[in-house]
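Report on the structure given below.
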Amino acid sequence: QVQLVESGGGLVQAGVSLRLSCAASGRTFGSYAMGWFRQAPGKEREFVSAISRSGGSTTYADSVKGRFTISRDNSKNTLYLQMNSLKPEDTAVYYCAATSFHIAIIPTNYNYWGQGTQVTVSS
């Protein structure tokens, strides 16, 4: 079992940056690949980014590639998402999740989820 708690969301203007954090507790954080997903009102949850257990492999949705960076610090049991050049269409609740797969982009492949943090980007 692993518990995940996101933080760092907020209301910002377009063009600025935010860094989301996901603190993990419970079983060994480094045993899981991790991912970020987001869900906007009236839309399905969508993949944002994922990172392997060691952090050596990462993948991104096309919509955030070049603007967002995923990273992890296994010594601190923490996952990060650095979001630059934010756009109004990035507005959503952002969730971190843990998976036993090497790396995954499908929500159903993830075993554990946080409660989410709201990111709102105004134009």
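Count residues from 1 along the sequence.
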- Query: Can you tell me if Glu6 uses its side chain to pair, donor with acceptor, with the backbone of Gln115 under 3.5 Å?
  - Reply: yes
- Task: Ignoring hydrogens and angles, tell me if any N or O in the side chain of Ser54 forms a donor-acceptor pair with the backbone of Gly56 under 3.5 Å.
- Result: yes
- Kindly work out whether a path of hydrophobic side-chain contacts (I/L/V/M/F/W/Y, heavy atoms less than 4.5 Å apart) joins Tyr80 to Tyr32. no
- Nearest heavy atoms of Ala14 and Ser123, plus distance in Å: CB-CA, 4.4 Å
- Item | Min side-chain heavy-atom separation Val119-Met83 under 4.5 Å | yes
- Query: Is any side-chain heavy atom of Thr59 closer than 4.5 Å to a side-chain heavy atom of Ile105?
  - Reply: yes
- Quick one: are Phe68 and Ile70 in side-chain contact, heavy atoms under 4.5 Å? no
- Message: Within 45 degrees of the ring normal and closer than 6.0 Å to the centroid, is that where the cationic atom of Arg45 sits relative to Tyr95?
- Response: yes
- Item | Electrostatic pair Lys65-Asp62, nearest N-O below 4.0 angstrom | yes
- Sorted by chain and residue number, the salt bridge (Lys or Arg N to Asp or Glu O under 4.0 Å) partners of Arg72 (sequence neighbours excluded) come out as none
- Query: Do Thr99 side-chain atoms and Ala104 backbone N/O form a donor-acceptor pair below 3.5 Å?
  - Reply: no
- Message: Applying side chain to side chain donor-acceptor pair (under 3.5 Å) to Ser25 and Gln3, what does each step give before you reach the verdict?
- Response: CA-CA 5 Å; Ser25 60; Gln3 293 79 40; 3.3 Å; yes
- Query: Taking all atoms of both residues into account, what is the closest heavy-atom pair of Leu86 and Arg67, and its distance?
  - Reply: CA-NH1, 3.9 Å
- Which atom of Ser57 lies closest to which atom of His102, heavy atoms considered: OG-NE2, 4.1 Å
- Query: If we ignore angles and hydrogens, is there a donor and acceptor under 3.5 Å between the side chains of Ser100 and Asn111?
  - Reply: yes
- Considering only heavy atoms from C-beta outward, does the side chain of Ile51 approach that of Ile103 to under 4.5 Å? no
- Task: Return the minimal non-hydrogen interatomic distance between Ala98 and Leu4, and the atom names on each side.
- Result: N-CD1, 3.8 Å
- Query: Do you see a donor-acceptor pair shorter than 3.5 Å between the side chains of Gln118 and Thr120?
  - Reply: yes
- Item | Mutual orientation of the aromatic rings belonging to Phe47 and Phe37 [parallel < 30°, tilted 30-60°, perpendicular > 60°] | perpendicular
